[in-house]
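Remarks on the structure that follows.
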Amino acid sequence: MSKYDALWAYIQNDGRHSFKLTFMQIQEIAGIPIDHSFLKYKKELTDYGYQVEKISMKEQTVIFKRI
């Protein structure tokens, strides 16, 4: 079980090919703030059929893409 399981399930259920979420949206969905550990945990997302395409620290957004 991962601390980002709720986020991964949300992304998988979304179904779009590619989409962007803000850090604030991720925090609301996951129930925890996004932090540096996200870089480690993002590898789990491939089990849900998606990958992190881009993380923008300036815009505070993450783009997710279906694989």
Side-chain angles (χ1 to χ4, degrees):
M1 181 156 177
S2 166
K3 67 181 187 175
Y4 288 104
D5 280 344
L7 176 62
W8 305 153
Y10 175 88
I11 292 167
Q12 184 180 40
N13 290 331
D14 184 278
R16 289 182 282 173
H17 178 71
S18 178
F19 60 98
K20 184 188 298 188
L21 293 175
T22 66
F23 287 7
M24 185 60 72
Q25 289 172 308
I26 291 170
Q27 179 175 331
E28 290 172 7
I29 295 163
I32 56 171
I34 190 169
D35 59 22
H36 283 92
S37 73
F38 183 77
L39 297 174
K40 175 184 155 193
Y41 284 96
K42 73 178 186 171
K43 297 171 188 168
E44 300 172 344
L45 187 54
T46 57
D47 293 339
Y48 294 83
Y50 281 82
Q51 65 185 11
V52 172
E53 185 170 272
K54 181 179 179 186
I55 299 172
S56 172
M57 297 305 289
K58 182 178 178 182
E59 295 178 16
Q60 294 196 341
T61 59
V62 180
I63 298 175
F64 300 94
K65 183 178 180 182
R66 191 174 342 150
I67 50 176

For [X] versus [Y], what's the shortest heavy-atom pair and its separation?
X     : Y     : value
Ala30 : Leu7  : CB-CB, 4.2 Å
Lys20 : Gln25 : O-OE1, 4.2 Å
Glu44 : Trp8  : OE1-NE1, 2.8 Å
Ile63 : Ser18 : CG2-OG, 3.8 Å

Partners passing side chain to side chain contact (heavy atoms under 4.5 Å, CB included) against [X] (at least two apart in sequence or in another chain):
X     : value
Asp35 : Lys3, Tyr4, Ser37
Glu28 : Met24
Thr46 : Ile67

Run the numbers on Phe64 and Phe19 for ring-ring contact (aromatic ring centres under 6.0 Å, His included), then give the verdict. CA-CA 5 Å; Phe64 300 94; Phe19 60 98; 5.8 Å; yes
Quick one: does [X]'s side chain get under 4.5 Å of [Y]'s, heavy atoms only?
X     : Y     : result
Phe38 : Phe23 : no
Gln60 : Thr22 : no
Asp5  : Tyr41 : no
Tyr48 : Ile11 : no
Leu39 : Ile55 : yes
Thr61 : Leu21 : no

Using a 3.5 Å distance criterion without hydrogens, assess whether the side chain of Asp14 forms a donor-acceptor pair with backbone atoms of Tyr10.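 Checking the backbone N and O of Tyr10 against the side chain of Asp14, no donor-acceptor pair under 3.5 Å is found.
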Going by side chain to side chain contact (heavy atoms under 4.5 Å, CB included), Arg66 matches just one of Gln12, Glu53, Gln51, His17. Which one?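 Among the candidates, only His17 passes.
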